[in-house]
Engineer: 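Can you read through this structure? Questions will come right after.
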Protein chains: 2
Amino acid sequence: MEKKHLFGKCPYVTSQKVLTGKWSMYIIYLLEQAGTIRFNELQRQMPEEMTHTTLSRQLKALENEGLIVRTEYAQIPPKVEYSLSEIGAKFSPVLKALEEWGDQYIAYMKQK
Amino acid sequence: MEKKHLFGKCPYVTSQKVLTGKWSMYIIYLLEQAGTIRFNELQRQMPEEMTHTTLSRQLKALENEGLIVRTEYAQIPPKVEYSLSEIGAKFSPVLKALEEWGDQYIAYMKQK
DNA sequence: CAGAATCCCTATTGATACTG
DNA sequence: CAGTATCAATAGGGATTCTG
């Protein structure tokens, strides 16, 4: 993923780029719910199947973008925890609005 | 684009799929601002260059997803207007939250 | 003016195997 | 456990050309 100059001038274009990853919104949501969560547990809680390769890449992308924090414990077997960064935590209102709209949208599409 | 079963159970996954298009957020934003807008005018107001082919595809995708309404006037030269649908208009709070967060994010990244 | 039809090209994803 | 490396498959965007 490796993006540069993500911070342009337009908040919409910027947000869109940050949220490019296919699972980014749900990852942020899970981190917000869990507070802190380990890699494998995160993978298990994803709504659809995904390989750890994919999850790993998305996490790294979000980390590079500054949204999440990765904490590695020097032990064997390895233990790595993820949580939201400060700016990542501020994404919360967006998630809230998104959840409400998403539910309305789902309901609306079902009735058709 | 042509997506099926966009309405799953999870509002986040659903939203993410709807917003997949590289320009979807900005298009919705422009339609919200303009109310009603013609194809070429829409293209001119996009923040970055994009061909009409690409814009056309994104608009069709958003139309298929029910977010926007396309009105065609039977005249020559053709005149087509786009506006938000009812469910599309309800996306407004998300845009608002997104704009705020995007600005914060841009400011945060600049200072680093 | 507002597309549709093509082709090309790249980014992203998925699958698999290997590692400390 | 939590990755990395590699390759194959795909989707999405961009450019060009043609149309009523």
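Letters go in sequence order (proteins before strands), and every chain restarts at 1. Scope of the values below: all heavy atoms of this structure, side chains included, with no hydrogens, waters or symmetry mates.
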Engineer: Could you tell me the separation between the CZ atom of A:F39 and the C1' atom of D:dC1, rounded to a whole number of Å?
Structural biologist: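 In whole Å, D:dC1 C1' and A:F39 CZ are 9 Å from each other.
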Engineer: Specify the separation, in whole Å, of atom CD1 of A:I76 and atom P of C:dG20.
Structural biologist: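 Distance, rounded to whole Å: 11 Å.
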Engineer: Would you call A:R57 and A:E63 a salt bridge, using N to O less than 4.0 angstrom?
Structural biologist: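 So A:R57 does not pair with A:E63 through a salt bridge.
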Engineer: Give a yes/no answer on whether the side chain of B:K22 brings an N or O atom under 4.0 Å of OP1 or OP2 in C:dA11.
Structural biologist: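 Answer is no, no contact under 4.0 Å.
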Engineer: Base, sugar-phosphate, or nothing: which does B:Y73 touch, judged by heavy atoms less than 4.0 Å apart?
Structural biologist: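 B:Y73: no heavy atom of the nucleic acid under 4.0 Å.
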Engineer: Can you tell me which nucleotide in D:dC1, D:dT17, C:dG14 comes closest to the side chain of B:H52?
Structural biologist: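 Given the options D:dC1, D:dT17, C:dG14, the side chain of B:H52 is closest to D:dT17.
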Engineer: Assess the side chains of A:Y73 and A:E81: does a donor N or O sit below 3.5 Å from an acceptor N or O?
Structural biologist: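 There is such a pair between these side chains.
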Engineer: Using a cut-off of strictly less than 4.0 Å, decide whether B:Y82 has a side-chain nitrogen or oxygen near OP1 or OP2 of C:dG3.
Structural biologist: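 Answer is yes, contact under 4.0 Å.
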Engineer: In whole angstroms, how far is the P atom of C:dA2 from the CD1 atom of B:I68?
Structural biologist: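 In whole Å, C:dA2 P and B:I68 CD1 are 14 Å from each other.
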Engineer: Taking donor-acceptor contacts at under 3.5 Å, does the side chain of B:R57 reach the base of D:dG14?
Structural biologist: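 In this structure, the two groups form a donor-acceptor pair.
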Engineer: Between A:K60 and D:dT4, does any side-chain N or O lie under 4.0 Å from OP1 or OP2?
Structural biologist: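 Yes, because at least one side-chain N or O of A:K60 sits under 4.0 Å from OP1 or OP2 of D:dT4.
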Engineer: What integer distance in Å separates A:L59:CG from D:dG3:P?
Structural biologist: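 After rounding, the gap between these two atoms is 7 Å.
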Engineer: Less than 3.5 Å apart, any donor N or O on the side chain of B:E32 or B:S92 sitting next to an acceptor on the other?
Structural biologist: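 There is such a pair (donor and acceptor under 3.5 Å, judged by atom type) between the side chains of B:E32 and B:S92.
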Engineer: Nearest whole Å is fine: how far is C:dT12 C1' from A:L55 CG?
Structural biologist: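 Whole-Å distance recorded here is 15 Å.
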Engineer: Of all the choices, D:dA2, C:dA4, C:dT13, which nucleotide is nearest to the side chain of A:Q58 once you look at every atom?
Structural biologist: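 The listed nucleotide nearest to A:Q58's side chain is C:dT13.
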Engineer: Verify the distance criterion only: is there a donor paired with an acceptor across the side chains of B:T54 and B:T51 at less than 3.5 Å?
Structural biologist: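 Their side chains do contain a donor-acceptor pair, which is all the 3.5 Å distance test asks for.
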Engineer: Going by atom types alone, do A:Q45 and A:E41 pair a side-chain donor with an acceptor below 3.5 Å?
Structural biologist: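 Yes.
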Engineer: Picking from D:dG3, C:dG14, D:dC1, which would you name as closest to the side chain of A:T51?
Structural biologist: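 Of the candidates, C:dG14 comes closest.
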Engineer: NA contact type, B:T54, heavy-atom cut-off 4.0 Å: base, sugar-phosphate, or nothing?
Structural biologist: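 Base, at least one base atom sits under 4.0 Å.
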Engineer: Determine whether a donor-acceptor pair (one donor, one acceptor, N or O, separation below 3.5 Å) exists between the side chain of B:T53 and the base of D:dT16.
Structural biologist: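 Between D:dT16 and B:T53, which were checked side chain against base, a qualifying N/O pair under 3.5 Å is present.
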Engineer: As a test of reading the structure: which of D:dG14, D:dG3, C:dG3 is closest to the side chain of B:S56, going by heavy atoms?
Structural biologist: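 Nearest listed nucleotide: C:dG3.
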Engineer: Rounded to whole angstroms, how far apart are OH on A:Y26 and P on C:dT13?
Structural biologist: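 Computing the A:Y26:OH to C:dT13:P distance gives 18 Å.
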Engineer: Looking only at side-chain N and O atoms, does B:Y26 offer a donor or acceptor that is under 3.5 Å from a partner on A:Q16?
Structural biologist: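 Distance-only check fails for A:Q16 and B:Y26.
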Engineer: Measure the distance from CD1 on B:I27 to C1' on D:dG13 and round it to the nearest whole Å.
Structural biologist: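 Atom-to-atom, B:I27 to D:dG13, this comes out as 13 Å.
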Engineer: Taking the nucleotide of DNA chain C with the nearest heavy atom to each, does A:M50 or A:P77 sit closer to the 5' end?
Structural biologist: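 Upstream on the strand: A:M50.
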Engineer: Which of these nucleotides, D:dG3, C:dG20, D:dG12, is closest to any side-chain atom of B:T20?
Structural biologist: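 Of D:dG3, C:dG20, D:dG12, D:dG12 is nearest to the side chain of B:T20.
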Engineer: Measure from CD on B:Q43 to C1' on D:dA15 and round the result to the nearest Å.
Structural biologist: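 Atom CD in B:Q43 sits about 13 Å away from atom C1' in D:dA15.
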Engineer: Side-chain donor or acceptor of A:R70 under 3.5 Å from a matching atom on the base of D:dG3?
Structural biologist: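 Result: no qualifying N/O pair found.
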